[in-house]
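Okay, so here's the structure we're looking at.
In what follows, chains carry the letters A, B, and so on, assigned in the order in which the sequence lines appear, proteins first and then strands, with residues in each chain numbered from 1.
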Amino acid sequence: MFSVLHIADFALHAVLRTERDTAHRPAALFAGTSKKSIVLAANPLARRAGVEPGMTAPQAVARCPSLIIRAPRPEAENEARAVLLAIGFTLSPAIEDTAPGICTCDLRGLRLAPEPLAASAVERLGELGLPATAGIARTPLLALYAARAASPSEDAFNWIEVERDLPSSPSRLRRGEQAMARRRFGEGGRARSIGGRQPDGARRSPSTILCPAAGDGGIVSTRTAGSGDPALQRSHTGNVGQGLPTPPSAAPRGIAPERRGREAPPCRNSTLADTDRTELAAERWEEASPSPHDTIVAEDVGLSARDAVLTVADEKHFLSPLPLAAADPSPELAAILDGWGLRTLGDLTALPRDEIVRRFGGEGLALWQRAAGGAPRPLRPVVPPQTFSAQMEFEHEVETLEPLLFVLRRFSERLALELQASQHVAAELHLALRLEDETQHARSFRLPEPTADVEILFRALHTHLESLTTAASIVAVALTLTPARPLVRQQGLFETGLRDPHGFAETLARVSALVGADHVGTPRREDTHRPDVVTLAAPPAVVSPPAAPPVHDRVGLPLRRFRPPLPARVEFTEGRATYLWTEHVRGEIAQQSVPYPSSGDWWQRDHAWARREWDIALAEGGLYRLLLVGDAWFLEGEYD
Amino acid sequence: MTSDDGTTGPQDDRTTGPQDYGTTGPQQVTIQSTDSPVVPLSCSPVVPTYIELHARSAFSFLRGASLPEHLVEAALAAELPAMALLDRDGVYGAPRFYGSAQENDFRVRPRVGAEITMEDGSVVPLLAATRTGYQNLCQLITETKLVERKVAPASSRQPDDGRLEAGATPRDRKRPCFATWDELARFSEGLIAFTGDEEGPVRRAWRAQGTTAAADALKKLTTIFGRDRLFVELQRQRIRGEEREGKFLVDLAAAHALPLLATGGVNYAIAPHRVVADVFTCLRLHTTLDAAGRQLELNSERHVKSARVMQQLFADLPEAVANSGRLNERLEFTLENLGYEFPTYPTPHGEPMEVYLRERTFACAAQRIAGPLPEKLVAQLEKELALIARLKFSGYFLIVWDICDWARQNNVLVQGRGSAANSAVCYVLGITAVNPLKHRLLFDRFLNDSRVGRDGRPSWPDIDLDFPSGDRRERVIQEVYRRYGRRGAAMTANVITYRGRSIVREVGKVLGFGADALDRFSSLYANGDFPQTLELEQQLALSGIAAHHPRAAAMGQLHHYFSRALPRHLGQHSGGMVICRGQLDKVVPLEPATMPDRSVCQWDKEDCENLGIVKIDLLGLGMMAVMQDTIELCRARPDGPPTLNDIPEDDPLTYEKIRAADTVGVFQIESRAQMATLPRFKPKDIYDLAMQVAIVRPGPITGHLVHPLIRRRDGVEKEDYIDPTVEELVKPILGRTKGVILFQEQMLEISMTLASFSGAQAEELRRAMGFTKNPERLTKSLAKLALALRAAGRNENVIKRVCESAQSFAAYGFPESHAIGFAMLAYGSTWLKLHRTAEFYASLLNNQPMGFYSPATLIQDGRRHGLKANPVCVQRSQWACTVEDEKTIRIGLRYVRGLPEAAVAEMCTARAAGPFTSMDDFLRRTNFTAAERRSLAAVGALDAIARHRRAALWQVEAAWSDNEALFKQFAEAYRDDSPLVAMSAGEELRADFAGLGLTAEEHPMALLRPRLHGVIPAKDLKQVRNGQRVTIAGSVICRQRPGTAKGFVFISLEDETGIANAVVLPGIFEQLRLTITQEPALRITGPLQNVSGVTHVKAEKIEPLREADLPVQASHDFH
């Protein structure tokens, strides 16, 4: 068996999870690079408002004025990918990073029922801001289809519910009730099956399973981690794929009637593939008790702890109604098949395979096979990470602590998971903040006691940041953990035997916060005409080779700058400066140069500057630079 | 911080402090290098003459920041007696510079030159000293721009200091010259060169490689220009370190015995314009102000300076300043003596042109007028011919006649427009279609003795020729090139200026605003020429740039500067051509146009006109093409008509349909606004139609002329002739238009009658009204008109009303004859639509895109006129749409997207041997690619040989692929064993719109109708009583927000029964702006206004018609 953890609209959620308060607002991801920005993905709330992929920004905003507009961020996707893989490792050591938002786990050899594990993984992902679904099936591809089918997004599949009698069922769900359930959940894009089994068979309840619209059953879809009446275990499915065309509610279109339905055995005949396993799973889920209210909550945006895990039992009936796009045909092939009126995988597999091969060659064959569910294959295993780091550039500069802590919390959670998966603990934390003024704030904390505990890791960061004030807003953050094996660790030869190294690191952080990060570093001249503007930067790690000597040597008298410039008073006689007073220098002005006016940064209020400077010689000796800014005179420096 | 023009900006130039230069001190000092910072002060009591000889305008494109006019103003303010404009790689700004100087009575003598980019990336400033020099300059630029050359990679031209941009790539090679040194030598006669500024070869070499290299660079220039035509240029911008470079140049000049020349290196007229220069720098370097760093200017010193300031700046080198005056005295050339001559017409036997024109006129008249020539006509012809001969315009008339004659011989329809229609000579020569005697048009309005241009010479008459657009017009243009040579003819340029949306987009990018905010701004902006209804601040705020944004003030300031019509780039005029007797490239530099086989001159049509260069407009008119095609299709009919002239002139049914506004697809009167006026204006003859054409224009609408004219025609309102005091004078002029000033001629005649304007003054007013790029010109002309009216003793009411009329006419007013010409086309096209329906629609569909409506709408309109459009079919369709019978057309294969004409032609040839008998047969005998076969099947073109579209799709997919054509002869037979089900009606509709952009079937709304409750079909609206609340729904085919309508928006919705119109109030539009502009289908509810046969819904509720999921149709928006 394989399991797939799937995050629908992965790129969108990867971005949204880095921000607070985005979960309950309509949001859409826009192509950031093209001239005409279009919607790439939209969350369910946005879809409900009518936002569809492919719309332009004005069209989308026309339909949903409060739409949160985001552009894809590869860093955020990397971070989310790492989270997904870390969670994947909790299911199996053999996992594959199949595609963005898709992690395939090889569950073969697993002795436990996979559903509760998958449900737990989905729940953890939800907590980490990634609404996920999981599918369990015979092949990786089927599992992926199942995971997608379990997605509770708005583009729903028109499932119908079919009552399924189980042996010794004490009661039946009446058709009227099913219809009500269908109305209640189907309109929102989901239909749920109600059912479940008790291991002892004594408490078996009437149950329905989901099956495609053709009137066939075949899927066991189980709601997990719920609580409440064990007799009413809820399952649900959602759409398959995101932004895919809605599959037909009646018979699949485009297939001649005589071909249709031939391969659709009655739903009632379908059974759970692995009764024991399901029963075991049901036993475990029994501990949880779903309530009707849960479904209402789940109806809301995103996924909650009641994420769906879908196990595919009857493959044919599961596959048949899936939209064709689920099998990832090439755009050209998809267009052709759409022209043929094929909408579902069943539509395709209803056609003779040889005829498809004749028309589309190898590509057609591969698609047909994918539409039939594929075959088990060896995974390309992901090696657990050996380094533990996370970084992110903020889309908007961060000026307050909360958003930074929010992101660091996300980092800590993921890194802790990775540490745990690889049986490590963190010995040291390295935090780096890049500021808007191109400076960097970097700190390392050696933990008093190596740990993989999220709370401790996060607290260490929190303590430092609480006392930190930066000169400019933060544009990027990076966190790296130095891993160590737990329990046993030898002191470094030159490490001091500090009683509380963690406390010491914290103290240093506080000192740095007092002095200011921008007061440490090497001055570097900024690319501006404005004089004496430098930034302090960390010394470069690599010393670059010396540049070629300039064509014209810079010759001129060095200027010793007064920092800050000395306020001055200047006396004029017949419009010419004749006498200078400052706190330290005064005297008659014997000569003055022409003025050198300069100005810049005029485009931004508060940054604009304009100045004039003169070189002056005092009668008593000494060459100085005189400066006029607005109405104020200054002595800016003295020439050597 | 407020600058002298009321805006904020860098103001280092205006800070107070010590005098810029001391007033006491030794008389003669030398500026020391920066190494020794103390510079003794100097002063010279005598202010020598200074001429600014190195100034760039905004026509240097992304370099200079001020318009030429502003440079002249600054020169006047600085009391400079002359100034030279040296734009980069061209003389783009020279005519406007000259024109502005002329307006100021040449108090500033306008000198001409250019900065030429050399092959190594250095820039040599050149001044035209003589006419030969100017001609050489033009030829040098033309040579370098027109002749393909290999350009050294940008990196090799990049100076080491990185101050220049990366240089041209092949993509933008159109702009720089990249002249070789040999070319510079070849065209150097009459030109004077400077060593240039920091981009000049000498300083560039000095900076990058040192003194030896600089001396070598100077030697190259000395070899070409000698010591008498080369100056070592010195500029002082008050930048630390410049003294050192200056000292080197002084030494270099002394060592080579070359004169020094002080220049300002002017980039902008006044210091506050420096911000524009900074923005241009960023646009040029594709960067932002934040990232540009030291590539921006250090200060604002590159403005126009007075002689006194320059003398102080170069106090140590007075001869450098004085040399500018001496050099100026050597400059003989101005654009006044351009040396342009219109080509003469080579008469067949060498007879004088006057004689030949006379002979042709009477010969053609005999052909044009059946029977003996009326005396009145003969007299008129004699009168006109005499005047034409006196003004020496015979050659011009012959050349235009010759072009028309060539066109006709080559089966290209031609018709003159504009005031030429006032001329009987033009009429009989076949240049125009309007008989001026019949319509009582006055020749004097076209040509008279007093019509003189700005240069004092007789102003060229204006003859614009309309041709069928497309290939046929291009053939005429190429014929003109063939006759006058590649360098004897060129298209005129069209200066594209910065306007609302482009300003904010480009300036916003440079200011660092996010692309999303700028996108939002663009979405909010009105399209087309119409004014914006939102204030800039409001619009910026809606886009997310609030007024308190730290950069909003800069945006406002830059918007203010840029909206003064700063040029952005040079385009090509739609049809204006200039031709020249000698070589046109000696008059104005020529450049390659974007279109192949075309060249374009560096001046636009107003510039050409102002400099006395005659321009012939060879315009393309889609409707001419339609009418010519229709006539050709009608040849298959026994009842013709064989030519346009054979269309009956007063067909009552045609006028009836015009009055009923049944005018979709016809010329001029098909727009929404025209259709809303037709039922009220009720045109009965051609002159009525001419008024109708002329009145639904922004000018008359803003001038509130529409309603008075209609009311006076209906007798509801009394006729009013401006003011009782002038009624006697005005009535003869405005009698036909009931006292309303409707035509340009009326405006001019009134100015001559009431203000005693001379012909030249009236001509000046006419041009000012047509010159849209610079509103200041019209303002000045109107001021003159008001003065003249006052001087003539007219009261203030007269002055106000006349000036208001002139204002509203600007750019939009029609000449009467032009309106009549258009009315004839409108009438003719309506007649063809009614009486030759199938031929007309087929031609209309074959000439798309054109007009107001999409092909889909045209076909639906055709259906409503009983026309059946058969779908595309490989057995029957040609490339173009064809006529099958009087009421049936066949849609052509040209509408199948992605189908190449050549493959269709091949198929038609194969079909000529016999129809395709089966799919097998079709596939074997044609050469379509797999994608093309698929397209044909999807739109039903293969239905004749397949069971249905999907069966065809199934079959064609099994055919060989594109690279297996060899197999097709041996391929097995294709069985029609498709397991696919046929498309539903909805699917077919969708496939039609996807593959053809139209459908031959019913309108998509017909399928939706059963699901639409309470929605009234468009055709039923006329039966609904006025004021009743109704809901209409359909595909949006038109959204208009004319600037004349004070923010009102007009929407047209099409359903299966017709077109329903809605009016949206400004408030509702602002609320639902995005719904209105973005949704393809709408449902609109509100009270119906049903008055005088015009119906529209006053929209109160506007919703997207989402359930329709209608195919998106082309919509005609905001024009």
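- If you measure heavy-atom distances from R625(A) to chain B, the contacts under 4.5 Å come from the side chain alone.
- Between the side chain of R551(B) and the backbone N or O of Q604(A), no donor-acceptor pair lies under 3.5 Å.
- Within the 4.5 angstrom heavy-atom criterion, no atom of A982(B) approaches chain A.
- No other option in L289(B), V279(B), D290(B) has as many heavy-atom pairs under 4.5 Å with chain A as L289(B).
- N299(B) contributes no side-chain N or O that, together with a main-chain N or O of S599(A), makes up a donor-acceptor pair within less than 3.5 Å.
- Between chain A and the residues V510(B), D278(B), L511(B), L1072(B), the most heavy-atom pairs under 4.5 angstrom are made by D278(B).
- Between P979(B) and L351(A) there is a side-chain heavy-atom pair separated by less than 4.5 Å.
- The CD atom of E957(B) sits 9.5 Å away from atom CD1 of I356(A), with the distance rounded to the nearest 0.5 Å.
- Note on D606(A), I69(A), I336(A), T528(A): by heavy-atom pairs under 4.5 Å with chain B, the leading option is I336(A).
- Heavy atoms only, all atoms of each residue included: R359(A) and W954(B) are closest at NE-O, 2.8 Å.
- Neither the backbone nor the side chain of V570(A) comes within less than 4.5 Å of any heavy atom in chain B.
- For a residue to count as touching a neighbouring chain, one of its non-hydrogen atoms must lie under 4.5 Å from one of that chain's; by this rule L558(B) touches chain A with the side chain only.
- Heavy-atom distances place the side chain of M983(B), and not its backbone, under 4.5 Å from chain A.
- Within the 4.5 Å cutoff, no side-chain heavy atoms of H529(A) are placed close to those of E297(B).
- Not a single donor-acceptor pair under 3.5 Å links the side chain of R238(B) to the backbone N or O of P595(A).
- Residues H552(A) and E245(B) are not in side-chain contact: their nearest non-hydrogen atoms beyond the backbone lie 4.5 Å or more apart.
- Your options are H549(B), M555(B), R934(B), Q237(B), and the one with the most heavy-atom pairs under 4.5 Å with chain A is R934(B).
- Just one residue in the list T288(B), V507(B), L296(B) forms a side chain to side chain contact (heavy atoms under 4.5 Å, CB included) with W603(A), and that residue is L296(B).
- Within the 4.5 angstrom heavy-atom criterion, only side-chain atoms of E332(A), from C-beta onward, approach chain B.
- Shown here is R561(A), whose CZ atom has more than 12 heavy atoms of other residues, nucleotides or ligands within 6.0 Å.
- Atom CZ of R353(A) is surrounded by 12 or fewer heavy atoms from other residues, nucleotides or ligands within 6.0 Å.
- Using a 4.5 Å cut-off between heavy atoms, A291(B) contacts chain A through its backbone alone, with no side-chain atom that close.
- Contact tally against chain A (heavy-atom pairs below 4.5 Å) for T1075(B), L953(B), T211(B): the top residue is L953(B).
- Of the residues considered (E526(A), R530(A), M55(A), R63(A)), R63(A) shows the highest number of contacts with chain B, using heavy-atom pairs under 4.5 Å.
- Separation of atoms OG (S598(A)) and CZ (R240(B)) is listed at 9.0 Å; rounding is to 0.5 Å.
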